[in-house]
Amino acid sequence: MRKIAEDIDTDEVFYDVECQKLGKNKVFTIPKSDAIDINNVKKYHKYGLDVNDANRAIVTELFQIMEDDYVEEGLPIFRVHSEAGVKIHQDENGDSLMVYVGAECPVSHSKYIGKFDLQPKGSRDAWFALVKNLVKESVQGSFVICVAFGAILMGVLKENVVDLDNLIVHLRGDSSSGKTTMLNLAISVFGNPDEHCRNGLISTWNATQNALLRRLMSHGNGKGGNLYGLDEFSMLQVKDCTNLIYAITSGIERDRLTANIQTQDRLTGTYILMSTGESSLLGRTNGNIGLAMRVLEMDDQMWTKDSETSEKIKNIVKQNYGFAAEEFGLKLGKYIQVNKLTHLVDRFNYWRGYYCDRCDTKERRERMSSRYGLILLAAQFSNEFFNFEIDSEALCQFMVDNENSNVDQREGYAGCYDKIVAYIVSNMSKFQRISSCKKKNVLHSEGDIVSEDLPRDKWGYIVSVDQKIKVDGMYVQEVAYIFRPVFERMVKRLGYEDEKAIRKYLKKKVRCKRLWQNTPKGEIKEGMSGSLLIGRKKPLCWRGDTRK
């Protein structure tokens, strides 16, 4: 028996045991729960433990005897932890100190024995030198570094005073844009950023939903303050990832039953997930508006200025990592100890207001201000703790510009307008074409279609508009009138759940005045909601379920 350790997170005891295998000394770790179990102890035969069916009962007794001898000799019981994250410990003065615990707890000095590689590697100075130069030159670099430190801040705030859901930050762009490099940079704050390392902090989306959730939630299991990475969203085989996103952001594993039909304890986790991909994450959902509040999609960015810079960053962070998280967490803990948690909350609320004052998207800015405020707060502390010289104003404008450039997608039902238009275009033969709205017996005085010569197999009418109408910067030349049952089937087939919500969103997307005020009198009546898909007061034109 070389060493006995106790896990301060789970209270489990571990033995470090030395045996001989093929004439060489081998040291391995075995949990006490396995060492004293006559069934589980057999599997450690492969490490050199002399155990078989005949002597396994004797071996389990021997482990207990060795533990008793170890304790009687007064040998030290080492402290370890299996869960990383924000925790409260007592400092040398007996005062509570909230710190981030990674490879080693900076207060109790317990060692991490969990599943992930959090052990620092390389040079601390090399990593900090890279980051200090990068954040001065690149707002994109500042953003990902602040997201990383923001994960620690979220762990502190969520566990104490602020209701914050887990967050997904999705870096979207072409394969040569440097998004994976930025993911490596962010993860290097905490530990191994190599996406090819099996126990690194970056994995791929190429896994089942249950496997992804287990991997995420086993990192901290309820402890806040962690960052995890998933690369290449296109590898996810699930067509509709709505439930997966909700599960990730809620941080609660679904209920499971044991073999004895008992409810298992659910894993939980508080973290930020940083993802990369060439396609939109929200684009593969059913369009629920709540999803857009849980995902920050950063679109169409050149994350590094060129491939040479990208390779340089990647090489440095893969050789030097794991220093910054514990140092940031310790400095933050001492700040809270001196200034109290309420002062941290005041700063957080200041940055929320700072973002709201500069954001143009009124519908989202209040709800999203907590996410962006967290990132801006991380920038402030990064400057105070490490002298990074991050430009908070430029960082805020970077996030505001991203919101403004994707306002349609971020309002909810991302891309549904384009999907419906594409669906109509691909099924154009299903519609009766009419050259002009002025054609007799086509439109009722209120804008409804009343012509009775529509074949039974048609979905509706496509009506040409004589004068080009500009809507949201684009010209509309045709209007589609769709029977309600057809539209409902269309919406379901496209993967959306709530047909009424889709109509409400489309009506809001294209305001009626933009259309009819620019339309020749008589073509489209005043009061029509107006878009490629919307008819008057009712968002689509129909008369009950009849063909009129």
Side-chain angles (χ1 to χ4, degrees), residues 1-85 87 89 99-124 190-194 196-201 214-215 218-221 223 267 318-323 325-326:
M1 184 79 73
R2 293 282 300 272
K3 184 172 68 174
I4 295 180
E6 183 179 13
D7 187 346
I8 61 177
D9 293 318
T10 64
D11 293 327
E12 188 166 8
V13 174
F14 295 88
Y15 302 145
D16 275 12
V17 180
E18 182 177 349
C19 297
Q20 278 201 337
K21 180 180 181 181
L22 301 177
K24 296 181 180 180
N25 289 345
K26 297 289 184 181
V27 178
F28 65 91
T29 300
I30 176 172
K32 180 179 179 178
S33 56
D34 284 345
I36 61 175
D37 188 305
I38 60 174
N39 294 315
N40 290 338
V41 74
K42 292 192 302 180
K43 62 186 178 183
Y44 292 89
H45 177 78
K46 63 183 178 181
Y47 297 112
L49 185 64
D50 186 11
V51 59
N52 52 51
D53 288 336
N55 71 355
R56 57 183 178 171
I58 298 174
V59 172
T60 57
E61 291 181 15
L62 182 59
F63 270 114
Q64 189 61 59
I65 293 171
M66 286 193 295
E67 179 188 317
D68 293 339
D69 292 342
Y70 186 96
V71 174
E72 287 179 4
E73 292 177 17
L75 297 174
I77 306 297
F78 293 87
R79 293 165 64 86
V80 297
H81 59 273
S82 57
E83 298 171 358
K87 304 178 186 179
H89 288 271
V99 295
Y100 174 81
V101 178
E104 180 179 346
C105 175
V107 180
S108 68
H109 303 290
S110 62
K111 305 294 184 181
Y112 177 72
I113 59 168
K115 299 179 180 179
F116 297 97
D117 183 6
L118 305 182
Q119 187 62 37
K121 177 184 176 181
S123 167
R124 173 195 178 279
F190 293 84
N192 192 333
D194 190 345
H196 302 295
C197 177
R198 70 181 182 87
N199 61 340
L201 292 170
R214 277 266 158 174
R215 188 173 179 87
S218 63
H219 184 19
N221 193 21
K223 305 297 187 297
L267 292 178
K318 286 187 177 182
Q319 296 300 318
N320 307 276
Y321 57 77
F323 298 97
E326 287 180 21

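Computed from a prediction, not measured in an experiment: that's the story for all the values here.
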Practice prompt. Begin from the C-alpha positions of I4 and L75 and carry the test side-chain contact (heavy atoms from CB on, under 4.5 Å) through to its verdict.
Written response: CA-CA 9 Å; I4 295 180; L75 297 174; over 6 Å; no

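- Within 6.0 Å of atom OH in Y47, 12 or fewer heavy atoms from other residues, nucleotides or ligands are found, so the atom counts as exposed in its surroundings.
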Discussion item. side-chain contact (heavy atoms from CB on, under 4.5 Å) for H89 and V101? Distances and angles first, verdict last.
Written reply: CA-CA 10 Å; H89 288 271; V101 178; 4.0 Å; yes

Worksheet entry | Test side-chain contact (heavy atoms from CB on, under 4.5 Å) applied to D7 and F14, step by step | CA-CA 8 Å; D7 187 346; F14 295 88; 3.9 Å; yes

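- Scanning all heavy atoms of the two residues, the minimum distance from N192 to C197 falls at ND2-SG, 3.4 Å.
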Worksheet item: Could you go step by step and tell me if N320 and R124 meet the side-chain contact (heavy atoms from CB on, under 4.5 Å) rule?
Response: CA-CA 7 Å; N320 307 276; R124 173 195 178 279; over 6 Å; no

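- For the atom pair OG1 (T29) and OH (Y15), the distance works out to 12.5 Å, reported to the nearest 0.5 Å.
- Nearest heavy atoms, P193 versus Y321: CD-CD2, 3.4 Å.
- Proximity of a side-chain donor or acceptor of H81 to a complementary backbone N or O of E104 within less than 3.5 Å is not detected.
- Judged purely by atom type and a 3.5 angstrom limit, D9 uses its side chain to pair as donor or acceptor with the backbone of E83.
- Atom CG of N55 has more than 12 neighbouring heavy atoms from other residues, nucleotides or ligands inside a 6.0 Å radius.
- When all heavy atoms of Y112 and S82 are compared, the closest pair comes out as CE1-O, 3.6 Å.
- Sequence neighbours left out, the pairs with a member in residues 56-74 that pass salt bridge (charged side-chain N to carboxylate O under 4.0 Å, His left out) are K32-E67.
- Crowding of H45 atom NE2: a count of heavy atoms from other residues, nucleotides or ligands under 6.0 Å not exceeding 12.
- The CD1 atom of I30 sits 8.5 Å away from the CG atom of N40 when rounded to the nearest 0.5 Å.
- For the pair Y70 and I77, the minimum side-chain heavy-atom distance is below 4.5 Å.
- A distance of 9.0 Å separates CG in D194 from CD in Q319, rounded to the nearest 0.5 Å.
- Atom CG of D50 and atom CG of L62 lie 10.5 Å apart (nearest 0.5 Å).
- Exactly one residue among D34, V51, V17 makes a side-chain contact (heavy atoms from CB on, under 4.5 Å) with Y44. That residue is D34.
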Practice prompt. Using the salt bridge (charged side-chain N to carboxylate O under 4.0 Å, His left out) rule, take R2 and D16 through it: C-alpha gap first, then chi angles, then the decisive distance, then the call.
Written response: CA-CA 5 Å; R2 293 282 300 272; D16 275 12; over 6 Å; no

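- If you take CZ on F63 and CE on M1, they are separated by 6.5 Å, rounding to the nearest 0.5 Å.
- Once rounded to the nearest 0.5 Å, the distance linking CG of D11 with CD of E6 reads 6.0 Å.
- Distance alone, capped at 3.5 Å, places no donor-acceptor pair between the K121 side chain and the G322 backbone.
- Considering all non-hydrogen atoms of both residues, A103 and E326 come closest at N-OE2, 2.8 Å.
- Nearest approach of F323 to G122, heavy atoms of both residues: CZ-O, 3.4 Å.
- Considering every non-hydrogen atom in both L201 and G191, the closest pair reads CD1-N, 3.6 Å.
- Within the 6.0 Å centre-distance limit, the rings of Y100 and F190 are counted as a close aromatic pair.
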